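Structure first, then comments.
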Amino acid sequence: MMSDDLRGVVERMVREALEGQLRSHGDRSVPINISARHMHVRQDHLETLFGAGATLTKLRDLMQTGEFAANETVAVVGRNRRVFEQVRILGPVRKATQVELSYTDGRYLGMDLPARVSGNIAGTHPVILIGPKGVVQLQEGVIRALRHIHIGDDDASRIGVRNGQMVSVRTAGPLGVTFDQVLIRASRTALREMHIDTDEANAAGLGAGAAGEILL
Ligand SMILES: [Zn+2]
């Protein structure tokens, strides 16, 4: 059993080695990570759910620097009273609470989910969140995250893409697909990584270690 700290170090080393390979080849391949249902939380909601003064505690680091899966989970309840009992919170805390589900998850909870860029939650479905210490009735904030690629500014300019651009990404394998309308989200410190949800991954037969090629 590796400690979480050690696992974090190993993951970072592997990631940097992969990044180095990508750079040396100058190609447009992109690792694909699959986002299971999860949520982001703002501080006051966190304290309603987990008690006054609550903070998120780290389960493991995610690929993007500073982002992590928290130990804390919340029950997400639809108006049809169906429940996902343990939806993991991803940290750090944000300005707005947001639940990210696959389209199939949304159907289960009786919601026709819009595909939105993270953070754009205006007019989206309400939902009830239940933590060990309290309940939050979220007026809006459930989305299906628009598939996207995180990439550093330098990396983006080197391979000829820019923030906000839509690209296509081709995957290999017996169920290979080409994803169109993949949003480029470039920022100074981001590492090259594509995020899709479990519906998209299952449709394309993708699992751990998946990768694709950016088509321009
Ligand atoms: Zn992402």
Side-chain angles (χ1 to χ4, degrees), residues 8 11-12 14-16 18-19 22 28-42 56 58-70 72-74 76 84 87-106 113-122 124 141-156 159 161-171 177-204 206-215:
E11 283 177 355
R12 210 157 25 248
V14 169
R15 186 188 310 154
E16 282 165 8
L18 284 172
E19 283 274 310
L22 290 176
R28 296 193 174 98
S29 66
V30 58
I32 300 176
N33 283 321
I34 301 151
S35 301
R37 70 180 74 104
H38 66 273
M39 59 175 290
H40 303 280
V41 70
R42 66 181 209 213
L56 292 174
K58 189 185 290 183
L59 174 65
R60 61 183 176 87
D61 284 310
L62 300 178
M63 184 165 172
Q64 300 301 321
T65 307
E67 298 191 0
F68 62 93
E72 288 74 24
T73 63
V74 169
V76 173
F84 290 120
V87 175
R88 191 163 304 285
I89 299 176
L90 303 188
V93 293
R94 290 194 179 181
K95 282 191 204 137
T97 297
Q98 168 179 304
V99 179
E100 298 184 36
L101 304 177
S102 72
Y103 189 72
T104 303
D105 289 341
L113 294 183
R116 293 283 185 94
V117 179
S118 183
N120 177 14
I121 58 171
T124 57
V142 189
I143 63 166
R144 166 166 57 147
L146 197 66
R147 54 191 175 233
H148 57 275
I149 293 172
H150 298 282
I151 190 167
D153 288 335
D154 293 347
D155 197 11
I159 66 165
V161 298
R162 63 183 190 286
N163 187 49
Q165 183 179 352
M166 290 290 191
V167 298
S168 296
V169 173
R170 179 166 55 208
T171 69
V177 302
T178 299
F179 291 106
D180 292 329
Q181 302 296 314
V182 181
L183 176 66
I184 296 289
R185 294 177 58 183
S187 65
R188 194 173 56 79
T189 59
L191 296 168
R192 199 195 295 191
E193 174 190 27
M194 179 169 171
H195 279 158
I196 59 175
D197 69 20
T198 48
D199 280 354
E200 292 162 331
N202 291 338
L206 300 175
E213 185 191 358
I214 299 170
L215 309 175

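Note that this is a predicted model, so its numbers are computed, not measured. All ligand and atom numbering here is 1-based and tracks the order in the structure.
Checking side-chain atoms of Arg28 against main-chain N and O of Ile159 turns up a donor-acceptor pair under 3.5 Å.
When every heavy atom of Gln64 is checked against every heavy atom of Ala190, the shortest pair comes out as OE1-CA, 3.4 Å. In plain terms, the two heavy atoms of Gln165 and Val161 that are nearest each other are OE1-CA, 3.3 Å. Taking every heavy atom of both residues into account, Ala70 and Leu56 meet most closely at CB-CD2, 4.0 Å.
Among residue pairs with one or both ends in residues 195-204, those qualifying as salt bridge (charged side-chain N to carboxylate O under 4.0 Å, His left out) are Arg147-Glu200; sequence neighbours excluded.
Ordered by chain and number, His148 NE2, His150 NE2, His195 ND1 make up the set of protein N, O or S atoms under 2.8 Å of the Zn ion (ligand 1).
Proximity of Gln98 to Ile143: side-chain heavy atoms (C-beta onward) are separated by under 4.5 Å at one or more points.
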